[in-house]
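Structure record follows, encoded as structure tokens.
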Amino acid sequence: MASNPPTLKIEITSNERLKNLKDHFEAKFGESPLFYACAPGRVNLIGEHIDYCGYSVLPMAIEQNILAAVSVNNSGTIQLANTNPQYQDFKVSCSEDIVIDRENPQWYYYFLCGVKGIQEKFGIGCLAGMSCVVDGTIPPSSGLSSSSALVCCSGLLTMEANQKSLSKVDLAEICTKSERYIGTEGGGMDQSISFLAEKGTAKLIEFQPLRATDVKLPDGAVFVISNCCVEMNKAASSHYNIRVVECRIATKMLAQAQGLDPSRLVKLFQVQTELKASLEEMLALVDEVLHPEPYSREEICKVLGITTEQMCTELLSANTQHVTNFKLHQRAKHVYGEAERVMRFKSVCDAGAAGSITLLGELMNQSHASCRDLYECSCPELDRLVDICLKSGAVGSRLTGAGWGGCAVSMVASEKAASFLRAVRDAYYTPDPRRAAMEKQSLFVTKPAGGAAILLEE
């Protein structure tokens, strides 16, 4: 059953990180923060690149998060600073239209996505003045959702500073839409788990309508995150949006072939719903309708009965206008197969039977193979890291997040965790000086953490 997420406001006692952030804030702005806001990163256990196709995913929040200290004032400006000196300060007037530069995805533009989302939701003409210092422990561009956590944290603190109130579900939906200002056409998984997460449990996140259901992970296993140390910024490259577009076009091609109105459908989930078909039947339909060779623009336009201009304006996004070939068969095959793996993963967790750890590991391995071969969102370093993880004792290992770099998540029997960490460290991190320097924040055991919250010092 869907659970009721805990409250958005939590009283906390100070800790070292909070104290350091408070000191930084006071040194920067000459006053104490009024409140704090936090939003966690996430690891997706299974269900990659299918949220924007309408399908359920199975993530959990991680303990690494974005934490912001905030004061509210009458300055008429929003002043932003970051504890990391490589991220520059930024200042914007509360009365001006917030402009987000997609061509230059700096950290403060992600913050402003959250601000803009709340401003538009409530029609706030002039926002409250705010001073904020942001501190992050999620490795950036690692596939652990640091950018979405920043958008969520910003949306939450902007709501609080302007004395508004929203449910966690509403906040997740607003932050999903507002992150698109930076140009990423995400499906909502990252923002949903950031708000709806609960300590100690993974979540099945479903869309239409948005809801989260507890998934109890098996006893006797831990999840280990390992970063391949290749960075991938979704907003700064077109890989991610190309996949979104290929799935959109595949949706319309399948709809057309089945006598549905393609102009009404944009997600692969909608085709399945309209046809009242099973996922197995959709996989068979993909083989029947879509050829494995890449489709040209001309072929797509001919099948759908549209002009090249219509294709550019209705199907392609701003940063995919240059694409000339589209692998529709492979992308649709991944999505329907991965959607099936998510439901099987949840069923195995729910049953809690003997041997469930092995079954879940196999599903993770199948997921990585599909991401690598059909969706082509892996990279050589990530494939090598996954291979090392399996050789080091993981029962399952796969890329997590957008891919093209970032992290792998591995399922490891609890009693093997220490030897697994040692083996991966020795094989992947120690031989390379750059990776060795990053190892502490790149290789760690994680457990399900709680969701975004306003923090008030006791």
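Heads up: numbering here begins at 1 and tracks the sequence. Just so you know, these numbers use all the heavy atoms, side chains as well, and skip hydrogens, waters and symmetry mates.
In this structure, Asn65 and Ala39 approach most closely via the heavy-atom pair CB-O, 3.2 Å. Of all heavy-atom pairs spanning Ala202 and Leu58, the tightest one is CB-CD2, 4.0 Å. Minimum interatomic distance between Leu150 and Ile66 (heavy atoms only, all atoms of both residues): N-CG1, 3.8 Å. Annotation for Gly401 and His49: closest pair O-NE2, 4.3 Å, computed over non-hydrogen atoms. For Arg102 against Ala318, the heavy-atom pair with the smallest separation is NH1-CB, 4.3 Å. The two residues Leu144 and Pro139 have their closest heavy-atom pair at CD1-CD, 4.1 Å.
Not a single donor-acceptor pair under 3.5 Å links the side chain of Arg243 to the backbone N or O of Cys377. Proximity of a side-chain donor or acceptor of Ser194 to a complementary backbone N or O of Cys152 within less than 3.5 Å is not detected. Although no hydrogens or angles enter the test, the distance criterion places a donor-acceptor pair under 3.5 Å between the side chain of Asp51 and the main chain of Met189. Remark: side-chain polar atoms of Ser414 are paired, donor with acceptor, to backbone N or O of Ala221 under 3.5 angstrom. A donor-acceptor pair is defined here as one N or O able to donate and one able to accept, closer than 3.5 Å; such a pair exists between the side chain of Asn84 and the backbone of Gln86. Using modelled atom types, no side-chain atom of Glu246 and backbone atom of Phe326 make a donor-acceptor pair closer than 3.5 Å. The closest donor-acceptor contact from the side chain of Lys252 to the backbone of Pro262 lies under 3.5 Å.
Taking Glu48 as the reference, Arg398 meet the salt bridge (Lys or Arg N to Asp or Glu O under 4.0 Å) condition, with sequence neighbours excluded. Every residue two or more places apart in sequence or in another chain that forms a side chain to side chain donor-acceptor pair (under 3.5 Å) with Ser93 is listed here: Ser95. Qualifying salt bridge (Lys or Arg N to Asp or Glu O under 4.0 Å) partners for Glu206, counting only residues two or more places apart in sequence or in other chains: Arg211. Gln270 meets the side-chain contact (heavy atoms from CB on, under 4.5 Å) test with Leu265, Val266, Lys267; sequence neighbours excluded. With sequence neighbours left out, Lys116 forms a salt bridge (Lys or Arg N to Asp or Glu O under 4.0 Å) with Glu120. With sequence neighbours excluded, the residues satisfying ring pair (Phe, Tyr, Trp, His ring centres under 6.0 Å) with His334 are Tyr375.
Taking 4.0 Å as the cut-off between side-chain N and carboxylate O, Asp23 and Lys19 count as a salt-bridged pair. Between Glu381 and Arg384 there is no salt bridge, since no side-chain N of the basic residue sits under 4.0 Å from a carboxylate O of the acidic one. Electrostatic pairing of Lys447 and Glu63 counts as a salt bridge here, judged by a charged N lying under 4.0 Å from a carboxylate O. Using a 4.0 Å cut-off between a side-chain N of Lys or Arg and a carboxylate O of Asp or Glu, Arg372 and Asp383 do not qualify as a salt bridge.
For the pair Tyr36/Leu157, no side-chain contact is recorded, criterion being any heavy-atom separation below 4.5 Å from C-beta on. The closest side-chain heavy-atom distance from Leu166 to Phe122 is below 4.5 Å. In this structure, Ser192 and Phe207 have side chains that are in contact, with non-hydrogen atoms separated by less than 4.5 Å. Proximity of Leu382 to Val230: side-chain heavy atoms (C-beta onward) are nowhere separated by under 4.5 Å. Looking only at side-chain heavy atoms (C-beta outward), Ile249 and Thr251 stay at 4.5 Å or farther from each other. By the 4.5 Å heavy-atom criterion applied to side chains, Leu315 and Ile306 are counted as neighbours. Looking only at side-chain heavy atoms (C-beta outward), Thr83 and Phe25 stay at 4.5 Å or farther from each other. Considering only heavy atoms from C-beta on, Pro59 stays 4.5 Å or farther from Val43 through its side chain.
How far CG of Leu67 is from CG of Leu18: 6.0 Å, rounded to the nearest 0.5 Å. With values rounded to the nearest 0.5 angstrom, Ile12 atom CD1 is found 11.0 Å from Ile454 atom CD1. Atom CG of Leu268 sits about 5.0 Å away from atom SG of Cys247, to the nearest 0.5 Å. Atom CE of residue Met343 and atom CD1 of residue Ile46 lie 11.5 Å apart, to the nearest 0.5 angstrom. To the nearest 0.5 Å, atoms CD (Glu340) and CD1 (Ile50) are separated by 11.0 Å. Between the CD1 atom in Ile78 and the CZ atom in Phe111 there is a gap of 7.0 Å [rounded to 0.5 Å].
The only member of Ser397, Ser410, Cys228 that meets side chain to side chain contact (heavy atoms under 4.5 Å, CB included) when paired with Val386 is Ser397. A side chain to side chain contact (heavy atoms under 4.5 Å, CB included) with Lys203 holds for exactly one of Asp214, Thr213, Val215; it is Asp214. For the side chain to side chain contact (heavy atoms under 4.5 Å, CB included) with Thr400, the lone residue among Leu45, Ile225, Asn44 that qualifies is Asn44.
The environment of NZ in Lys121 is sparse: at most 12 heavy-atom neighbours from other residues, nucleotides or ligands sit within 6.0 Å. Atom CG of Asn104 sits in a crowded spot, with more than 12 heavy atoms from other residues, nucleotides or ligands closer than 6.0 Å. The number of heavy atoms from other shown groups lying within 6.0 Å of CG (Asn15) is above 12. Heavy-atom neighbours of Gln163 CD from other residues, nucleotides or ligands within 6.0 Å: at or below the threshold of 12.
Under the 3.5 Å distance criterion, with hydrogens and angles disregarded, a donor-acceptor pair is assigned to the side chains of Ser148 and Glu179. With hydrogens and angles left out, the side-chain atoms of Gln272 and Tyr55 include a donor and acceptor closer than 3.5 Å. Remark: the Ser370 side chain and the Ser367 side chain contain no N/O donor-acceptor pair separated by less than 3.5 Å. When only modelled atom types and interatomic distance are considered, Ser238 and Asn319 share no side-chain donor-acceptor pair under 3.5 Å. Counted by atom type alone, Glu376 and Gln330 present zero donor-acceptor pairs between their side chains at under 3.5 Å. Side-chain atoms of Gln119 and Thr158 form no donor-acceptor pair, as typed in the model, at a separation below 3.5 Å.
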inquiry  = One pair to check against side chain to side chain contact (heavy atoms under 4.5 Å, CB included): Val115 and Leu127. What are the steps and the verdict?
reply    = CA-CA 9 Å; Val115 176; Leu127 291 155; 3.5 Å; yes

* Step-by-step side chain to side chain contact (heavy atoms under 4.5 Å, CB included) determination, Met60 to Thr201 -> CA-CA 7 Å; Met60 69 185 195; Thr201 181; over 6 Å; no

| task | Would you please test Glu457 and Glu11 for side chain to side chain contact (heavy atoms under 4.5 Å, CB included) and show each step? | result | CA-CA 6 Å; Glu457 274 192 285; Glu11 287 201 350; over 6 Å; no

task = Please test Gln79 against Cys132 for side chain to side chain contact (heavy atoms under 4.5 Å, CB included), starting from the C-alpha separation and ending with a verdict.
result = CA-CA 6 Å; Gln79 296 186 86; Cys132 305; over 6 Å; no

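Judged by the 6.0 Å and 45° rule, Lys168 forms no cation-pi pair with Phe195.
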